[in-house]
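What follows is a single structure, written as structure tokens, with notes after it.
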Amino acid sequence: PLLPAPIRLGDDCLRKDAKNLPTPAACWAAVDYNGPWRTLVQRWKLGQQPALAQAAAHLMAAQLPWDEILAGVDALVPVPASPQRLRERGFQPTLSLARALSSRLTPSLGALPPMWPQALLRLPERDTLHQALRGRQARLRAMQGAFIVPPAALPQIQGRKLLLLDDVMTTGATLSSAAQELHQAGAAQVQAVVLARTPRA
């Protein structure tokens, strides 16, 4: 199918929470999360077909303005899945996506910076309800304090410009929580890039 224009999401899509904590400074999405792209993600993650990360990476590599996205970025941080989801799927979707992207992007598009998969850890979920089954407010509550930066990663993160990588953005709760933790650990700037975002009503 014909690809839409890539989406650069603004502050209205990444709302700050009640404490006005920092969210990603910018976020790019390759496509809307519907049609064939929704099917791709479901087969990739829920159908436990990690090889489909290559198709997702191909789409992102072709679709996004990588020279703009990667300008000044020091490292790519894949957003980790929770321990429960990792046990269910047997793989980290965003890490497989990051690895696939690194083989797709060429210097002319903007070679990926180093990957720092250990910069963020996802804490166990407080309940087992999947994020996709929660409403916006429940998502925001569930993601509060969902990530930690390991002490060993603190010197690496301080003063750095980081790019979060995730597969799908729905409310922005996951990216906001991850960005807040990285900022509190001393990151100078945090931006984000995702394969797809849920269209706003």
Side-chain angles (χ1 to χ4, degrees), residues 7-30 57 60 64-86 92-102 105 110-126 131 136 139-198:
I7 308 148
R8 189 182 191 280
L9 307 174
D11 289 339
D12 59 331
C13 296
L14 293 169
R15 300 172 188 165
K16 294 177 173 60
D17 65 13
K19 296 180 181 178
N20 202 37
L21 294 172
T23 58
C27 181
W28 290 263
M60 293 182 75
L64 291 167
W66 289 103
D67 55 346
E68 178 185 356
I69 294 171
L70 297 175
V73 168
D74 295 304
L76 180 74
V77 179
V79 175
S82 69
Q84 293 96 319
R85 303 306 166 207
L86 180 57
Q92 286 277 14
T94 54
L95 184 55
S96 64
L97 179 58
R99 288 171 174 159
L101 264 177
S102 68
L105 292 180
L112 278 182
M115 270 187 288
W116 291 353
Q118 303 306 318
L120 274 180
L121 294 180
R122 183 85 163 258
L123 298 175
E125 296 175 19
R126 290 183 284 270
Q131 276 286 82
R136 175 177 171 76
R139 283 173 180 263
L140 292 171
R141 286 193 299 272
M143 293 311 301
Q144 289 175 358
F147 298 95
I148 60 169
V149 172
L154 288 171
Q156 190 178 37
I157 286 171
Q158 291 175 2
R160 301 291 188 167
K161 182 176 177 181
L162 305 176
L163 180 67
L164 288 166
L165 173 69
D166 208 355
D167 46 21
V168 178
M169 189 189 89
T170 302
T171 62
T174 300
L175 293 174
S176 291
S177 180
Q180 288 164 15
E181 182 63 23
L182 290 170
H183 276 294
Q184 290 170 358
Q189 187 181 69
V190 181
Q191 300 184 110
V193 62
V194 299
L195 168 65
R197 67 91 181 255
T198 300

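Two residues are said to be in side-chain contact when any heavy atoms from C-beta on lie closer than 4.5 Å; Val77 and Ile157 fail this criterion. A heavy-atom distance below 4.5 Å is not found between the side chains of Pro113 and Leu163. Side-chain contact between Val79 and Phe147 is present, with at least one heavy-atom pair separated by less than 4.5 Å. Side-chain atoms of Leu101 and Leu76, non-hydrogen and from C-beta on, never get closer than 4.5 Å to each other.
Nearest heavy atom pair, residue Ala98 against residue Pro78, reads CB-CG, 4.1 Å. The two atoms that bring Ala100 and Ala57 nearest to each other are CB-CB, 3.5 Å, heavy atoms only. Nearest approach of Ala29 to Ala196, heavy atoms of both residues: CB-C, 4.4 Å.
The structure places CG of Leu175 at 5.5 Å from CG of Asp166, a figure rounded to the nearest 0.5 Å. Taking CD of Gln191 as the reference point, atom CG of Leu70 lies at 9.5 Å (rounded to 0.5 Å). In this structure, the separation between CD on Gln189 and CZ on Arg160 is 14.0 Å, given to the nearest 0.5 Å. Residue Met169 holds its CE atom at 5.0 Å from SG of Cys27, rounded to the nearest 0.5 Å. Here Leu105 contributes atom CG and Asp67 contributes atom CG; the two are 11.0 Å apart, rounded to the nearest 0.5 Å.
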- Chi angles and distances behind the side chain to side chain contact (heavy atoms under 4.5 Å, CB included) call for Ser176, Gln180: CA-CA 6 Å; Ser176 291; Gln180 288 164 15; 4.0 Å; yes
- Item | Verdict with reasoning, Leu86 to Arg122, per side chain to side chain contact (heavy atoms under 4.5 Å, CB included) | CA-CA 10 Å; Leu86 180 57; Arg122 183 85 163 258; over 6 Å; no
- Message: One pair to check against side chain to side chain contact (heavy atoms under 4.5 Å, CB included): Leu182 and Leu164. What are the steps and the verdict?
- Response: CA-CA 10 Å; Leu182 290 170; Leu164 288 166; 3.8 Å; yes
- From CA spacing to verdict: side chain to side chain contact (heavy atoms under 4.5 Å, CB included), Ile69, Met60: CA-CA 12 Å; Ile69 294 171; Met60 293 182 75; over 6 Å; no
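Remark: the backbone N or O of Thr174 is not paired with any side-chain donor or acceptor of Ser177 at under 3.5 angstrom. Side-chain atoms of Asp74 do not come within 3.5 Å of backbone N or O of Leu162 as any donor-acceptor pair. Distance alone, capped at 3.5 Å, is enough to place a donor-acceptor pair between the Gln92 side chain and the Ala81 backbone.
By the side chain to side chain contact (heavy atoms under 4.5 Å, CB included) test, Ser96 is found to be paired with Trp44, Ala53, Phe91, residues two or more places apart in sequence or in another chain being considered. Leu154 meets the side chain to side chain contact (heavy atoms under 4.5 Å, CB included) test with Val149, Gln158, Ala185; sequence neighbours excluded.
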